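This report concerns only the one structure given below.
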Amino acid sequence: MALPALPQARHLATEIPGPRSRELMARKQHAVARGVGTTMPVFAARAGGGVVEDVDGNILIDLGSGIAVTTVGISAPRVVEAVREQAEAFTHTCFMVTPYEGYVAVAEQLNRLTPGAHEKRSVLFNSGAEAVENAVKIARAYTGRPAVVAFDHAYHGRTNLTMALTAKSMPYKHGFGPFAAEVYRAPLSYPFRDDLDGPAAARRAIDTIEKQVGRPAAVVIEPIQGEGGFIVPAPGFLPALAEWCRANEVVFVADEVQTGFARTGALFASEHEGVVPDLVVSAKGIADGLPLSAVTGRAEIMDAAHAGGLGGTYGGNPLACAAALATIETIERENLVERAREIERLMKDRLLRLQEKDDRIGDVRGRGAMVAVELVRPGTNEPDAALAKAVSAAAHARGVIVLTCGTHGNVLRFLPPLAISDELLEDALDVLWEGLSSHE
Ligand SMILES: *Cc1c(COP(=O)(O)O)cnc(C)c1O
């Protein structure tokens with residue numbers, strides 16, 4: 001039986017959180033480990049398009065996409081249909097036991113869609129962190145070298161190796177060490193907070209790598225940083241770094257877990273500057289919420305790992321593969337790369353006009369449907385995390401799901417699903433502005 005269509009408009013039926021959510025939150029506190037936090041104290045009942053309906057009947061505007069995952073829209077129709085059909089055929093056989101076509105088809109699509117026309121191979125996993133770890137394994141197998149370079153403000157996940165690659169201590173690493181060895185950190189290009197152009201920032205990073213590491217196996221970088229604050233490096237930074245990697249036979253790994261799959265107004269964010277990574281890591285937006293991740297890259301690098309060296313029980317689960325194929329079809333048929341660019345224009349236009357009226361908006365940045373504002377104390381670039389917290393809390397209370405990020409916690413980030421309507425976006429931005437302007 002089909003549920004009635006979910007209205008695409010913000011609606012508050014109760015206060016936030018409502019009574020059902022408060023009950024469930026009390027159960028959560030007794031049943032779920034404290035380490036798993038939640039952005040909002042409301043429980044979801046259903047979701048679709050650009051909204052999430054909670055268990056009290058409140059309809060919230062979704063500016064988070066479950067952290068950049070449901071890019072094509074939560075429960076996108078093609079995905080629902082494909083997953084249903086696959087579930088009826090088989091839910092699991094393990095690709096390493098009796099393989100199935102869906103896995104191969106996803107690998108073919110990734111090889112086709114990722115930057116560069118060279119021969120490629122792909123391998124599938126469950127989570128972003130797992131894929132980043134495997135990219136490092138592959139780079140080490142190929143180069144025979146141990147060292148890996150990551151950057152300031154980087155976020156690569158919560159497993160032991162990816163905690164080591166991640167920059168921020170609290171909450172991701174604090175108390176969880178010791179961390180994996182042979183991980184080194186280089187300075188990023190952060191245009192709002194340094195005055196280096198892209199090539200100069202790249203020289204600074206390369207100098208650090210050459211002096212402190214020598215020749216690593218891999219340089220791992222997010223083309224636009226996600227959790228670190230939606231930091232878009234200055235033009236020329238990524239190409240110079242990729243060029244240095246090529247010249248030194250260092251594997252250039254683009255962690256496109258958050259930026260991939262149309263999110264930034266290109267299928268992969270590396271494309272904005274014509275960068276062709278040796279390995280691309282995908283996850284989040286790849287399968288509309290089913291757990292799937294991948295490493296895709298140059299055939300000779302990917303095939304350096306011996307047979308049996310890569311894999312996992314669930315990696316490339318058939319339901320997730322069916323979802324990924326339907327997600328890719330949806331992106332292409334509905335021209336969602338272009339839709340992400342439209343969303344960028346709409347959001348940046350509004351946010352830049354707000355910035356003229358309010359000097360606490362220090363920076364407006366991002367690409368596509370991955371846009372952020374960095375909040376500062378008036379007339380300075382001192383981070384104002386308390387303000388970001390207050391504005392997001394005000395938005396939550398009025399039915400807008402919005403996330404914060406950044407090393408200093410002072411960045412409001414917007415990751416709407418590409419299925420969201422302009423009206424919902426405008427309404428959400430009105431709510432945010434009211435929250436900001438009412439807070440002195
Ligand atoms: C979310 C994220 C990860 C980790 O992905 P999980 O699926 O949570 O393990 C890695 N890299 C980046 C850039 C991310 O945004």
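The structure displayed is predicted, hence computed values, not measured ones. Whatever order the structure lists them in is the order used to number ligands and atoms, beginning at 1.
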Within 4.0 Å of some non-hydrogen atom of Glu222, the atoms of ligand 1 are 13 (C)

Given the protein's heavy atoms, is any one of them under 4.0 Å from atom 9 (O) of ligand 1?
-> yes

Close N or O approach (Gly128, ligand 1; < 3.5 Å) = yes

Before accepting this row, confirm whether a basic side-chain N of the pair Arg112/Glu332 lies closer than 4.0 Å to the acidic partner's carboxylate O.
-> yes

Is the shortest side-chain N to carboxylate O distance from Glu227 to Arg413 below 4.0 Å?
-> yes

Check the angle between the aromatic planes of Tyr103 and Tyr100 and answer parallel, tilted or perpendicular using the 30° and 60° thresholds.
-> perpendicular

Ligand-residue contact atoms, ligand 1 with Gln258, heavy atoms, under 4.0 Å = 15 (O)

Carboxylate-amine/guanidinium proximity below 4.0 Å for Glu334 and Arg78 = yes

Is atom CD of Glu81 surrounded by more than 12 heavy atoms (other residues, nucleotides or ligands) closer than 6.0 Å?
-> yes

Within 4.0 Å of some non-hydrogen atom of Tyr155, the atoms of ligand 1 are 1 (C), 2 (C), 3 (C), 11 (N), 12 (C), 13 (C), 14 (C)

Considering only heavy atoms of Ser127, which atoms of ligand 1 have at least one such atom less than 4.0 Å away?
-> 7 (O), 9 (O)

Going by distance only, is there an N or O of Asp255 that falls short of 3.5 Å from an N or O of ligand 1?
-> yes

Polar atom proximity, Ala129 to ligand 1 (N or O, under 3.5 Å) = yes

Which of His153, Gln225, Lys168, Arg193 passes side chain to side chain donor-acceptor pair (under 3.5 Å) with Thr407? It is His153

Any Lys284 heavy atom less than 4.0 Å to ligand 1 | yes

Near-ring test Tyr314/Phe125, centroid separation under 6.0 angstrom | no

